[in-house]
Chemist: 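Have a look at this one.
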Protein chains: 2
Amino acid sequence: MTEHATAEAKPEASGTPVTPRRRRAPRGQGELLREEILEATERLLIATGDQDAVSIRAVAEAVGVTSPSIYLHFADKMELIFAVCERHFQRFDEIQEAAAAAAPDPVQGLMERGRAYIKFGLENPEQYRILFMTKPAQTPESWTFERVIGSVAFEHLVAAVAECIEFLKLDPPPDAQMVAITLWSMVHGLTSLLLNHPKFPWPDRDALIEDVLTMPIQGLLPR
Amino acid sequence: MTEHATAEAKPEASGTPVTPRRRRAPRGQGELLREEILEATERLLIATGDQDAVSIRAVAEAVGVTSPSIYLHFADKMELIFAVCERHFQRFDEIQEAAAAAAPDPVQGLMERGRAYIKFGLENPEQYRILFMTKPAQTPESWTFERVIGSVAFEHLVAAVAECIEFLKLDPPPDAQMVAITLWSMVHGLTSLLLNHPKFPWPDRDALIEDVLTMPIQGLLPR
DNA sequence: TGTACATCAGTGAACGCGCGTTCACTGATGTAC
DNA sequence: TGTACATCAGTGAACGCGCGTTCACTGATGTAC
């Protein structure tokens, strides 16, 4: 299997491929390990596509460190997993904002936002699953929805919808929050179905996305 | 805890509440156990709200039988869990069909279908999760989407959409399958968000459901 | 009416696994005097 | 320039858990002769 650079036998199960042991961080640089742990966790999360398949032990192995070291930086496994997601939440919001900003008008901006949303989900399935498809019981206490998602991407969406309503001079103006949730349901619904049911005989994916995005927005337009 | 009818000590961990041992089925009636197992599994699934929390051992304990007995009727755990769901799929479809049948016209039928869908999901969260929110890797080979979901509820939905298109004399007629998927995305999206994020500051639930159902159907109507 | 045998519905005990987490410790590096 | 000490980034070994699953078996019940 792996070559032995030294004559020493590994104490662990001998068949396991072994990552070279990481060099100990210099004094005062302990935080470096935190960053490496996050990156390794993210890689494993993407590779395995399953948060349960990512164990503390596997993360430690990937970093080249023993498992108790993880606990120098994260209180428990859940905190680690969610710390990885925090980064994705930010990117998720940024991507949508950027997509919307490039559009010529608010309505098209809304469409672009939706496209970006779906694209993100399809390209980052496991992160998307953790962010939006984790059941409440598995979510740590500190992750109230208001704080984590609501405060950024969702509020941006509500604002974008409000802009549309104004732009279209809708009368009477629908409730922006209500519309935002409806749109969110749409894109989330499609994203999660596509992720969960790859064997379903889907029609052409891009055409489907366009249809799904168009239909509710059509419903919004003045008649 | 539990009273001891006999003086015998239980061989198992003494703190555990113990279900009385089930009477052995008479000759030729082995299949009775299968039914009891399915019922117990379903109860546990609902009680715990988590398919991982339902263990073979727990099911056996609930039935009043030892765990190897489960294997007399199910090849493995996954088969058991999904067997429970099969029953729900059927009920799920039936409920939607019944709701649609009671409506005065196809468009309202579509709305009723949507309401019934969401209601089912909210009332049977764990089953809904297993049916529609299980990641592909966890789904047994035999559960191709075409066979299990596609063949019933989804095809009924496509047919209902086609009826609407005809009823409304839409010209040009949109693709029924495409529209069906869009509607499915909507209701699934809302259902799963409501299930997964109970802490989100949702507006009035019923009003929200109406909005979500109305918007895409508005988009469908002739202008 | 009796008995050997087959069948069937289970049991009891164990295997082996991988996991999250804890605990007491080590040994390199910097710092104070 | 030397040395005692504190600090810090880790390590190694183990605990205890619950799980899915397997294996050899038991003992009640029916059946053939």
Side-chain angles (χ1 to χ4, degrees), chain A residues 8-37 40-41 44-45 48 50-83 138 140, chain B residues 8-13 15-37 40-41 44 48 50-83 138 140:
Chain A
E8 259 183 314
K10 268 279 160 188
E12 298 141 61
S14 54
T16 323
V18 168
T19 310
R21 174 137 297 167
R22 174 176 172 275
R23 253 216 150 61
R24 178 195 189 139
R27 208 74 178 292
Q29 306 289 308
E31 287 301 301
L32 290 179
L33 178 54
R34 189 191 155 89
E35 204 47 37
E36 287 182 48
I37 292 171
T41 306
L44 286 173
L45 221 41
T48 67
D50 183 358
Q51 86 173 274
D52 289 330
V54 175
S55 66
I56 291 281
R57 289 167 136 96
V59 170
E61 220 274 329
V63 176
V65 107
T66 61
S67 48
S69 302
I70 307 291
Y71 293 90
L72 298 173
H73 299 278
F74 301 92
D76 56 26
K77 187 184 175 181
M78 257 302 166
E79 273 208 12
L80 169 58
I81 297 283
F82 277 87
Q138 290 179 2
Chain B
E8 260 183 315
K10 267 280 158 188
E12 298 140 60
T16 324
V18 168
T19 310
R21 175 138 300 166
R22 174 177 173 274
R23 250 216 154 62
R24 179 195 189 138
R27 208 77 179 289
Q29 305 290 308
E31 286 301 301
L32 289 179
L33 178 54
R34 188 190 156 90
E35 205 47 39
E36 288 183 47
I37 292 172
T41 307
L44 287 173
T48 66
D50 182 359
Q51 85 173 274
D52 289 331
V54 176
S55 66
I56 291 281
R57 289 165 135 97
V59 170
E61 219 276 328
V63 176
V65 108
T66 61
S67 46
S69 301
I70 307 292
Y71 293 91
L72 297 174
H73 299 279
F74 301 92
D76 56 25
K77 187 184 176 181
M78 258 302 166
E79 273 209 12
L80 169 57
I81 297 282
F82 277 87
Q138 291 180 2

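Only heavy atoms go into these numbers, but all of them, side chains included; no hydrogens, no water, no symmetry mates. Residue numbering restarts at 1 for every chain, and letters A, B, ... go by the order of the sequence lines. From a predicted model like this one, the values you see are computed outputs, not experimental measurements.
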Chemist: So, is B:Arg22 near the phosphate of C:dG10, with a side-chain N or O under 4.0 Å from OP1 or OP2?
Modeler: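 Answer yes for this pair, as a side-chain N or O of B:Arg22 is under 4.0 Å from OP1 or OP2.
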Chemist: On the nucleotide C:dT11, are OP1 or OP2 found under 4.0 Å from the side-chain N or O atoms that B:Ser69 carries?
Modeler: yes
Chemist: As an exercise, state the distance from CG of B:Leu32 to CZ of B:Arg24, rounded to the nearest 0.5 Å.
Modeler: 13.5 Å
Chemist: In this structure, how many angstroms lie between the P atom of C:dT11 and the CG atom of B:Leu72, rounded?
Modeler: 9 Å
Chemist: Return a single string for nucleotides 27-33 of chain D, one symbol per nucleotide in 5' to 3' order, where B is base contact, S is sugar-phosphate-only contact and - is none, cutoff 4.0 angstrom on heavy atoms.
Modeler: B-BS---
Chemist: Rounded to the nearest 0.5 Å, how far does CD1 of B:Ile81 lie from CD of B:Glu79?
Modeler: 11.5 Å
Chemist: Calculate the interatomic distance between B:Glu31 atom CD and C:dC8 atom P; express it in whole Å.
Modeler: 12 Å
Chemist: Measure the OG1-CZ distance between B:Thr41 and B:Phe82 for me, rounded to the nearest 0.5 Å.
Modeler: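 If we round to the nearest 0.5 Å, B:Thr41:OG1 and B:Phe82:CZ are 13.5 Å apart.
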Chemist: Return the NE2 to CD distance between B:His73 and B:Glu36, rounded to the nearest 0.5 Å.
Modeler: 9.5 Å
Chemist: Rounded at 0.5 Å granularity, tell me how far CG in A:Asp76 sits from CD1 in A:Ile70.
Modeler: 12.5 Å
Chemist: Show me the dot-bracket string of DNA chain C, counting Watson-Crick or G-U pairs under 3.5 Å, with | for pairs to another strand and [ ] for crossing ones.
Modeler: .||||||||||||||||||||||||||||||||
Chemist: What integer distance in Å separates A:Arg21:CZ from D:dA9:C1'?
Modeler: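 Rounding to the nearest Å, CZ of A:Arg21 and C1' of D:dA9 are 13 Å apart.
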Chemist: Apply side chain to side chain contact (heavy atoms under 4.5 Å, CB included) to residues A:Gln51 and A:Lys77 and explain how you reach the verdict.
Modeler: CA-CA 10 Å; A:Gln51 86 173 274; A:Lys77 187 184 175 181; over 6 Å; no
Chemist: Describe the nucleic acid contact of B:Leu33 in one word from base, sugar-phosphate, nothing, applying a heavy-atom distance below 4.0 Å.
Modeler: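 Here B:Leu33 touches the backbone only, sparing every base.
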Chemist: Check the distance between C:dA9's C1' and B:Ile37's CD1 and give it to me in whole angstrom.
Modeler: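 The answer, rounded to whole Å, is 11 Å.
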Chemist: Going 5' to 3' through nucleotides 18-23 of chain C, assign each nucleotide B (protein heavy atom under 4.0 Å from a base atom), S (under 4.0 Å only from sugar-phosphate atoms) or - (no protein heavy atom that close).
Modeler: -BBBBB
Chemist: For a quick test of reading the model, state the closest non-hydrogen atom pair linking B:Arg22 to B:Val63 and the distance between them.
Modeler: CB-O, 3.5 Å
Chemist: Counting the atoms with a prime plus P, OP1 and OP2 as sugar-phosphate, which does A:Arg34 contact under 4.0 Å by heavy atoms, base, sugar-phosphate, or nothing?
Modeler: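 It contacts nothing in the nucleic acid.
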Chemist: Mind checking whether A:Phe74 and A:Ile56 have side chains closer than 4.5 Å, heavy atoms only?
Modeler: no
Chemist: Can any side-chain N or O of A:Ser69 pair as donor or acceptor with the backbone N or O of A:Val65 at less than 3.5 Å?
Modeler: no
